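If you're wondering where the values come from, they're calculated on a predicted model, not measured in any experiment.
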Amino acid sequence: MTQKPIVAATRRLVKPAEDRVAARFQFRPGNDEATYTPALVAKTAEGAAALLCTPTEPLNAEAIAMLPASLKVLSTVSVGFEHIDLAAAKARGIRVTNTPGVLDDATADIALLLILGATRCASDGERLLRAGKWIGIRPTQLLGMQITGKRLGIIGMGRIGSAVATRAKAFGMSVCYHNRKRVDPAMEAGATYVPRLEDLLAQSDVVSLHAPLTPETKGLINAQRIAQMKDGACLINTGRGPLIDDDAVITALKARKLSSIGLDVYTGEPKIDPRYYTLDNAMLVPHLGSATYETRLAMAMLAVDNMEAVLEGRAPPFPVA
Ligand code: DGY
């Protein structure tokens, strides 16, 4: 009897997805406590035909060089794939797949949570309560920015940006966006295209980042870009941490050039720049963008669809390399 192929995971997946894999393959579930090094990724993938992975694992050239010859596919349970060196994977003949399209609503919801929470001092208010320091409602206490009638500038108008635009409109915001080029009107969700980034920054009361992390977008929001923003603007990042230059952003938050920030993603996460903890105008959540049961189930199932297709010699639904 032929042995079933081994499928390894780096992290635990929601149960129906793990059960589905275990029903067809020799499944090695992942470990949520592990801090992955290239050597540990290689050990996890030992003898496996497929590795279900996530953005928390280093899959750079060094790690890919160490992967076993048995490995045919790296199926990341994420839309982002900047943690994988695609050229190195291609050179080793390893397919790479991702899970786009199923996390747009969940991520857009977190962007709105941060827009509302950061502009309305929600974190600061909660800290006050938890510290037992709330003395009662006062006419000048914890005054935020009302978003009704304000302008939201979206940088990166893909599916998530579009879902954010739809939601922001329902809150009475006017919405504009910047992209390298104008998107299909159906994707615009009533938002206005602004060809120059500096113009979008100058017009927007709230700026929300939805661009992918690439060499071109790394450090996109730096001191020069912040200087182009409205005084007292709010910045939201649910994309990837390195889209912003932490030094420049923290300086601007301290000086109140930026009135507030809402962050879901961080450079070097889970270790984040500790200066953020000291800022009363920062609302911080731990990479919750896609963290609903429904969305994580859909992502895991798509990752399984992808890897099954590769192992069966079919074209995977979402190849990235
Ligand atoms: C993604 O899918 O890229 C999200 O950031 C969750 O990891």
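- Of the N and O atoms on the side chains of Y276 and D246, at least one donor lies less than 3.5 Å from an acceptor on the other residue.
- A distance-only check finds a donor-acceptor pair linking the side chain of Q26 to the backbone of K4 [under 3.5 Å].
- In this structure, D247 pairs ionically with R275, as a charged nitrogen and a carboxylate oxygen lie closer than 4.0 Å.
- Side chains of E269 and H287: a donor-acceptor N/O pair is present below 3.5 angstrom, by distance only.
- A pairwise comparison of heavy atoms in G156 and N179 identifies CA-OD1, 3.3 Å as the closest pair.
- The closest donor-acceptor contact from the side chain of N60 to the backbone of H83 lies at 3.5 Å or more, if one exists at all.
- From E57, atom CD reaches atom OG1 of T37 across 11.0 Å, with rounding to the nearest 0.5 Å.
- Looking at T217, its side chain never comes within 3.5 Å of a backbone N or O of L220 through a donor-acceptor pair.
- The CG atom of L71 sits 5.0 Å away from the CD1 atom of I94 when rounded to the nearest 0.5 Å.
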### Query
Please walk me through it: do D105 and R167 pass salt bridge (charged side-chain N to carboxylate O under 4.0 Å, His left out)?
CA-CA 10 Å; D105 287 325; R167 286 159 173 73; 3.1 Å; yes

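- Within 6.0 Å of NZ on K257 lie more than 12 heavy atoms contributed by other residues, nucleotides or ligands.
- By the neighbour-count criterion of 12 heavy atoms within 6.0 Å, atom CD of E33 is sparsely surrounded, having that number or fewer from other residues, nucleotides or ligands.
- Within the 4.5 Å cutoff, the side chain of T238 has heavy atoms near those of the L114 side chain.
- Residue R314 places its CZ atom among more than 12 non-hydrogen atoms of other residues, nucleotides or ligands, all under 6.0 Å distant.
- Although no hydrogens or angles enter the test, the distance criterion places no donor-acceptor pair under 3.5 Å between the side chain of R120 and the main chain of M145.
- L51 CG to T10 OG1: the interatomic distance, rounded to the nearest 0.5 Å, is 5.5 Å.
- With a 4.5 Å cut-off on side-chain heavy atoms, K150 and T119 do not count as touching.
- Proximity of a side-chain donor or acceptor of S162 to a complementary backbone N or O of M187 within less than 3.5 Å is detected.
- Atom CD of Q203 is separated from atom CZ of R196 by 10.5 Å, given to the nearest 0.5 angstrom.
- Under the 3.5 Å distance criterion, the side-chain polar atoms of T278 are left unmatched by any main-chain donor or acceptor of P274.
- If you take CG on L258 and CG on N281, they are separated by 8.5 Å, rounding to the nearest 0.5 Å.
- For the pair V175/T192, no side-chain contact is recorded, criterion being any heavy-atom separation below 4.5 Å from C-beta on.
- Judged by distance alone, the side chains of E188 and Y177 do bring a donor and an acceptor atom under 3.5 Å apart.
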### Task
Give the C-alpha distance, both sets of side-chain angles, the deciding distance and a yes or no for side-chain contact (heavy atoms from CB on, under 4.5 Å) between V320 and L86.
CA-CA 8 Å; V320 291; L86 299 184; 4.1 Å; yes

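- For N306 (side chain) and N98 (main-chain N/O), a donor-acceptor pair under 3.5 Å exists by modelled atom type.
- Just one residue in the list N237, L201, V194 forms a side-chain contact (heavy atoms from CB on, under 4.5 Å) with I155, and that residue is L201.
- Counted within 6.0 Å of NZ on K169, heavy atoms from surrounding residues, nucleotides or ligands total more than 12; the atom is thus considered enclosed.
- Using modelled atom types, one finds no donor on one side chain facing an acceptor on the other under 3.5 Å when comparing S204 with R151.
- With hydrogens and angles disregarded, no donor-acceptor distance shorter than 3.5 Å links the side chain of Y277 to the backbone of I272.
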### Task
Give the C-alpha distance, both sets of side-chain angles, the deciding distance and a yes or no for side-chain contact (heavy atoms from CB on, under 4.5 Å) between I236 and L263.
CA-CA 6 Å; I236 303 297; L263 295 176; over 6 Å; no

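- Once rounded to the nearest 0.5 Å, the distance linking CE of M173 with CD of Q146 reads 10.5 Å.
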### Full working for salt bridge (charged side-chain N to carboxylate O under 4.0 Å, His left out) between D280 and R127
CA-CA 9 Å; D280 59 7; R127 276 190 294 271; 6.0 Å; no

